Enquirer: 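Supplied in structure tokens, the structure appears directly below.
All values derive from a computational prediction rather than experimental measurement. Throughout, residue positions are numbered sequentially from 1 according to the sequence presented. Side-chain atoms are counted along with the backbone in the values below, which use heavy atoms only and exclude waters and symmetry mates.
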Amino acid sequence: MRGIFLFVVMLMGMSAVAQYGGVDRSIGGPGQFQTKNKDKKSEFDFVQASTDKMAKELSLDDFQKAATKNIIQEYKEKVLSISAEEIPDTGKSEKMNLEKDKMEAKLKELLNKDQLAKFQALKDKMDKKKNSKKKTENSQEEDKN
């Protein structure tokens with residue numbers, strides 16, 4: 001009797017392997033959610049997008065646009081190098097904020113009086129949006145506690 005029971009259990013185990021083909025069906029396994037080869041054109045270009053937005057919003061001329069692109073590219077490279085450093089996040093934030101301030105100072109040197117006023121208005125709008133987002137996140141964290 002015991003032999004028959006073991007034979008049935010082994011038979012059921014083999015049929016389960018044959019049914020699924022031995023494929024790993026776990027969530028997040030290899031190949032899960034991978035997209036096919038992305039072409040480089042579909043990737044988001046932060047530098048170009050930022051330059052285009054500023055050119056549109058501030059009515060930059062060709063020289064200003066080229067200089068702005070170079071300044072933003074330099075900023076991006078510095079931020080990427082800072083993020084790769086093995087220091088605490090607070091230190092990274094401080095360094096990144098310092099680089100942001102330097103970038104903004106360089107940009108302000110390029111702008112005329114009208115463009116400078118528009119730039120400041122955009123910056124204030126972004127800061128206000130950022131602060132309201134932080135307040136929302138903080139209130140949600142307080143609600144959880």
Side-chain angles (χ1 to χ4, degrees), residues 5-6 8-145:
F5 178 74
L6 288 176
V8 171
V9 169
M10 283 180 33
L11 191 61
M12 287 175 37
M14 288 191 316
S15 68
V17 170
Q19 181 179 1
Y20 292 111
V23 176
D24 179 16
R25 299 202 182 271
S26 62
I27 295 175
Q32 182 101 10
F33 303 117
Q34 290 180 353
T35 57
K36 295 185 179 179
N37 294 334
K38 290 183 181 179
D39 56 342
K40 296 286 181 183
K41 293 179 183 177
S42 67
E43 292 182 16
F44 180 74
D45 185 1
F46 168 78
V47 174
Q48 189 62 48
S50 299
T51 303
D52 291 344
K53 180 175 173 92
M54 287 186 67
K56 180 183 173 191
E57 297 286 333
L58 305 177
S59 305
L60 300 179
D61 61 29
D62 290 338
F63 172 77
Q64 289 173 318
K65 191 173 180 179
T68 298
K69 186 173 183 175
N70 289 336
I71 292 168
I72 295 173
Q73 180 65 42
E74 182 181 312
Y75 168 72
K76 178 184 172 188
E77 290 168 3
K78 287 181 181 179
V79 166
L80 288 174
S81 70
I82 291 169
S83 65
E85 292 178 9
E86 293 188 20
I87 58 175
D89 287 343
T90 54
K92 287 181 184 182
S93 289
E94 290 172 6
K95 282 186 169 186
M96 287 181 189
N97 285 335
L98 183 64
E99 289 302 324
K100 180 182 161 204
D101 292 342
K102 288 179 186 177
M103 176 194 64
E104 288 176 357
K106 288 178 183 179
L107 289 171
K108 288 177 181 180
E109 291 176 6
L110 294 172
L111 305 176
N112 64 34
K113 205 183 298 184
D114 293 335
Q115 291 169 328
L116 193 56
K118 289 178 185 177
F119 178 78
Q120 193 61 44
L122 281 173
K123 188 174 179 287
D124 292 342
K125 182 179 176 184
M126 288 174 53
D127 288 343
K128 184 177 179 183
K129 191 175 184 180
K130 185 178 177 183
N131 289 336
S132 69
K133 185 177 179 181
K134 281 185 180 180
K135 285 180 183 177
T136 303
E137 289 173 356
N138 289 339
S139 66
Q140 288 176 351
E141 286 179 16
E142 289 175 3
D143 291 342
K144 288 179 183 178
N145 294 332

Enquirer: What distance separates Lys102 NZ from Ile71 CD1, expressed to the nearest 0.5 Å?
Expert: 13.5 Å

Enquirer: Roughly how far apart are Asp101 CG and Lys106 NZ, rounded to 0.5 Å?
Expert: 12.5 Å

Enquirer: Mind jotting down which residue pairs meet the salt bridge (Lys or Arg N to Asp or Glu O under 4.0 Å) criterion with at least one end in residues 75-88? Sequence neighbours excluded, please.
Expert: Glu74-Lys78, Lys78-Glu99, Glu85-Lys95

Enquirer: Tell me the closest heavy-atom pair linking Tyr75 and Met96, and the distance in Å.
Expert: CE1-O, 4.2 Å

Enquirer: Can you measure from OG (Ser59) to CD (Gln64) and round to the nearest 0.5 angstrom?
Expert: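 Nearest 0.5 Å value for the OG-CD distance: 9.5 Å.
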
Enquirer: So how far is it from Gln120 CD to Glu104 CD, rounded to the nearest 0.5 Å?
Expert: 8.0 Å

Enquirer: Scan for salt bridge (Lys or Arg N to Asp or Glu O under 4.0 Å) pairs involving residues 53-69, sequence neighbours excluded, and state none if there are none.
Expert: Asp52-Lys65

Enquirer: Examine distances only and state if a side-chain atom of Gln73 and a backbone atom of Val47 form a donor-acceptor pair shorter than 3.5 Å.
Expert: no

Enquirer: Quick one: CG on Leu58 to CG on Leu111, what's the gap to the nearest 0.5 Å?
Expert: 6.0 Å

Enquirer: Taking all atoms of both residues into account, what is the closest heavy-atom pair of Ile87 and Gly91, and its distance?
Expert: CD1-C, 3.9 Å

Enquirer: Taking 4.0 angstrom as the limit, do Lys118 and Asp114 come out as a salt bridge?
Expert: no

Enquirer: I need the Leu110 CG to Thr68 OG1 distance, nearest 0.5 Å.
Expert: 5.5 Å

